[in-house]
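Quick notes on the structure that follows.
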Amino acid sequence: MMTQTLMIFVVAVLGYLNSYLASAMICRPMVMGTLVGLVLGDLQTGVMVGATLELVWLGAMAIGASNPPDMISGSIIGTAYVIVTGSDVAASVALAVPVSMLMQSLWNLMMMIIVPMLAAKADKYALTCDNKGIDRMHYIAIIIQVGILSVLTAIGFYVGSSVMENLVNSIPVFITNGLNYAMGIIPAIGFAMLARMIVNKKLACFLFFGFLLVAYFNLSIVGVTAIACVVAAILIFNTNGMENREVAVDDNEF
Amino acid sequence: MTTNSKDKKLTKKELNQIFWRSCQLDVSWNYERQQNLGYSYAMTPVINKLHDKGSEKQQRAYARGLDFMAITPQVSTLLMGINAAMEEENANNPDFDDDTIAAVKTSLMGPLAGIGDSMIAGTLRIIATGIAMGFASQGNVLGPILFLLIYNVPGFIIRYYGLKFGYEKGAAFITGAEKNGIMEKVTYVAGIVGLMAIGSMVASYIWLDLPIMIGSGEFAEPLSNYLDMIMPCLTQLALFGLMYWLLGKKVKTTWILIGTLVICIAVCFVFGI
């Protein structure tokens, strides 16, 4: 059991290091399930459970500021459960989904509090041009997140599924709901910082233009950007055009 | 000052460092400024090489690296390449206005992320999954192997050539543009595109949908419906405005962050949501 837990830990580390390893999608259920199957000695079942969970989370993808459930812990625990207990492949889904949600809220907490604090520290290092310090904050962010999440996944595998299910059900709803709302609001801080950087009186109206295009016409961000390019082109070329015409008129008078 | 003696020049070594370091872009992702630590991590060797140690230019360059960043990892090197080329110009030209770098970064990341996310994270991943699924559902290990290959081979090709193109063409573009005095216009255009992108992100990526009902019985309607009648996405705009105002009051971002968390949990507790 101890060796297996250790191997599960290694798989979890690999999964959580996905975005350290070129965001190569090794965190997807299909890959995680396969690796769990490999270390627990039942490759075929591992691949099959991985494929099942892959379909569950097919639409789950980190885009912009929204994060999908943590597929890594969910896939590992779900696959291991099926292989160890010999139960039905479908049983993996019932366990994997709540585990992934629980782990994601913990992960979100780290990305909401710990990593922004490290970023603030990096801001301080930037003031003194300490590039090693800036890099160190990046490394610490990796070690804390990958370390905690991988250890928890391994513990989850060790203590078994029933304990995990109870834990998932014991967290007060108002805390998870509150975190969910905070998750929707926090990107506003980043956007505000960004806007403060490039805005001036002449350009402020364009921020509202972009906003209104999405609010009233539901355009995608690519769509808004395309319109922005046209607007910019109109402004640039029209002022040029006006200058040229004035010159042309002058020529005629001579 | 007609011939810029390029005494400070990036070598193959720094570009390779960008390539390998860009692979870690998403690993220190956070809710406040997203990939800022990862992006800065990729750019530190360049900044370290180009600017004099401890100079104001270097300090500003490091701070700039830590600004908000949201981009698809596979296309990030294109932006890093352009950024590196501009930083090179910044180091050699004392009259260079380095606000241009921030403006170009901000205006390019929106469209690049939009195109990258839909092309790579969306389309390419779905194609790879679709092909692999046939094997994997039978328990065939070829499935996950194919999945990784189909997704990553194009991903790395884009990552490699994006950097090359961004640095070479970006550099040529910048020097040409400066001779013709186009740079000012580029900053203007970048400002327009960047701000419109931020505006659209405010409406798309911020959300708050409290289940508060107005009225009673049959006539009860969610508060959000009334707000939408005034103007769609009004809540998002108000939240953005609040954060913008707080930042103007020089409130530390960490405090805004913690405050948001505490208030959200407290509201859910008090109203029993």
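Reminder, nothing fancy here: chain letters follow the sequence lines and each chain counts from 1.
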Query raised in the report: Taking atom CZ of A:F217 as the centre, does the number of heavy atoms from other residues, nucleotides or ligands within less than 6.0 Å exceed 12?
Result: no
Requested in this report: Can you see which heavy atom on B:P232 is nearest to which on A:F211, and at what distance?
Outcome: O-CZ, 4.2 Å
Report task. State the CG-CD distance between B:N140 and A:Q44, to the nearest 0.5 angstrom. Result -> 8.5 Å
Query - A:K132 and B:T44: CA distance, side-chain angles, deciding distance, side-chain contact (heavy atoms from CB on, under 4.5 Å) verdict - result: CA-CA 9 Å; A:K132 294 229 169 66; B:T44 42; over 6 Å; no
Query raised in the report: Given the options B:T235, B:L246, B:N152, B:V189, which has more heavy-atom pairs under 4.5 Å with chain A than any of the others?
Result: B:N152
Query raised in the report: Contact part of A:M112 toward chain B, heavy-atom cut-off under 4.5 Å: side chain, backbone, both or neither?
Result: both
Query raised in the report: Between B:F240 and A:L207, is any pair of side-chain heavy atoms under 4.5 Å apart?
Result: yes
Report task. Could you tell me which portion of A:T34 (side chain, backbone, both or neither) has an atom closer than 4.5 angstrom to a non-hydrogen atom of chain B? Result -> side chain
Requested in this report: For atom OH of A:Y125, decide whether the heavy atoms of other residues, nucleotides or ligands shown that lie under 6.0 angstrom number more than 12.
Outcome: yes
Report summary line: Ranked by heavy-atom pairs below 4.5 Å to chain B, first place among A:G223, A:A24, A:G37 goes to A:A24
**Report entry** Sequence neighbours excluded - salt bridge (Lys or Arg N to Asp or Glu O under 4.0 Å) pairs with any residue from residues 186-207 of chain A
**Finding:** none
Report task. Let me see the working for A:L212 and B:M231 under side-chain contact (heavy atoms from CB on, under 4.5 Å), right down to the final yes or no. Result -> CA-CA 9 Å; A:L212 292 173; B:M231 182 179 146; 3.7 Å; yes
Query - Top of A:A119, A:A141, A:G46 for chain B proximity - count of heavy-atom pairs under 4.5 angstrom - result: A:A119
Requested in this report: State, to 0.1 Å, how close A:M48 and B:S137 come at their nearest heavy-atom pair, and which atoms those are.
Outcome: CG-O, 3.7 Å
Query raised in the report: Which region of B:M69, side chain (C-beta onward) or backbone (N, CA, C, O), has a non-hydrogen atom less than 4.5 Å from a non-hydrogen atom of chain A, or is it both or neither?
Result: neither
Query raised in the report: Quick one: are A:T225 and B:M196 in side-chain contact, heavy atoms under 4.5 Å?
Result: no
Query raised in the report: Quick one: what part of A:F208 sits under 4.5 Å from any heavy atom of chain B, side chain, backbone, both or neither?
Result: side chain
Report task. Go through B:R64, B:R21, B:Q74 and name the one with the most non-hydrogen pairs under 4.5 angstrom from chain A. Result -> B:R21
Report task. Side-chain contact test, heavy atoms from C-beta onward, threshold under 4.5 Å: evaluate it for A:I185 versus B:C264 and give yes or no. Result -> yes
Query raised in the report: Based on non-hydrogen pairs under 4.5 Å, which of B:T106, B:V262, B:V267, B:D228 is most in contact with chain A?
Result: B:T106
Report task. Mind checking the OG-CG spacing from B:S40 to A:D123? Nearest 0.5 Å is all I need. Result -> 9.0 Å
Requested in this report: With sequence neighbours excluded, tell me which residues meet ring-ring contact (aromatic ring centres under 6.0 Å, His included) with A:Y16.
Outcome: A:W107
**Report entry** Partner chain B: residue of A:A233, A:A204, A:A228 with the largest heavy-atom pair count (under 4.5 Å)
**Finding:** A:A228
**Report entry** Derivation and outcome, side-chain contact (heavy atoms from CB on, under 4.5 Å), residues B:V27 and A:H138
**Finding:** CA-CA 8 Å; B:V27 78; A:H138 175 77; 3.6 Å; yes
**Report entry** Pairwise distance CD1(A:I189) to CE(B:M243) - rounded to 0.5 angstrom
**Finding:** 4.5 Å
**Report entry** Sub-4.5 Å side-chain heavy-atom contact between A:L219 and B:S200
**Finding:** no
Query raised in the report: When heavy-atom pairs shorter than 4.5 Å are enumerated against chain B, which of A:V173, A:L213, A:V199 gives the highest number?
Result: A:V199
Query raised in the report: Which pair of heavy atoms, one from B:Y62 and one from A:A126, lies closest together, and at what distance?
Result: CB-CB, 3.8 Å
Query raised in the report: Between A:L118, A:I113, A:I134, A:V31, which has the largest tally of heavy atom pairs under 4.5 Å with chain B?
Result: A:I134
Query raised in the report: Are any side-chain N or O atoms of B:R159 and backbone N or O atoms of A:A22, one a donor and one an acceptor, separated by less than 3.5 Å?
Result: yes
Query - Top contributor to chain A contacts, counting heavy-atom pairs under 4.5 Å, from B:S204, B:G155, B:G191 - result: B:S204
Query raised in the report: Counting heavy-atom pairs under 4.5 Å to chain A, which of B:Q236, B:Q138, B:R60, B:M201 comes out on top?
Result: B:M201
Query raised in the report: Does the side chain of B:Y41 pick up a donor-acceptor pair with the side chain of A:Y139 at under 3.5 Å?
Result: yes
Requested in this report: Please look at A:I26 and chain B and tell me whether the side chain, the backbone, both or neither of the residue comes under 4.5 angstrom of a heavy atom of that chain.
Outcome: both
Query raised in the report: What's the shortest heavy-atom distance between B:L37 and A:A122, and which atoms?
Result: CD2-CB, 3.8 Å
**Report entry** Exceeds 12 heavy-atom contacts within 6.0 angstrom, atom NZ of B:K57
**Finding:** yes
Requested in this report: Name the member of B:V193, B:L247, B:L239 that forms the most heavy-atom pairs with chain A at distances under 4.5 Å.
Outcome: B:L247
Query raised in the report: Can you tell which of A:V115, A:L109, A:N108 makes a side-chain contact (heavy atoms from CB on, under 4.5 Å) with B:Y31?
Result: A:N108
**Report entry** Closest contact, heavy atoms only, A:A215 versus B:A203
**Finding:** N-CB, 4.3 Å
Query raised in the report: Taking atom CD of B:Q59 and atom CG of A:L127, what is their separation to the nearest 0.5 Å?
Result: 5.5 Å
Report summary line: Separation between CG (B:L25) and OG (A:S23), nearest 0.5 Å, reads 7.0 Å
Requested in this report: Kindly indicate whether the side chain of A:M111, heavy atoms from C-beta on, has any atom under 4.5 Å from the side chain of B:E32.
Outcome: no
Query raised in the report: Between A:M30 and B:M133, is any pair of side-chain heavy atoms under 4.5 Å apart?
Result: yes
Query raised in the report: Looking at CE of A:M137 and CG of B:L66, how far apart are the two atoms once the value is rounded to the nearest 0.5 Å?
Result: 11.0 Å
Report task. Below 4.5 Å from any heavy atom of chain A, which atoms of B:F156 appear? Answer side chain, backbone, both or neither. Result -> side chain
Query raised in the report: Using non-hydrogen atoms only, which part of B:L237 is less than 4.5 Å away from chain A: side chain, backbone, both, or neither?
Result: both
Query raised in the report: side-chain contact (heavy atoms from CB on, under 4.5 Å) between B:C268 and A:Y181: does it pass, once the steps are laid out?
Result: CA-CA 9 Å; B:C268 285; A:Y181 286 125; 3.5 Å; yes
Query raised in the report: If you measure only the distance, is there a donor-acceptor pair under 3.5 Å linking the side chains of B:K53 and A:N131?
Result: yes
Query raised in the report: For chain B, which of A:I144, A:V47, A:T45 has the most heavy-atom pairs under 4.5 Å?
Result: A:V47
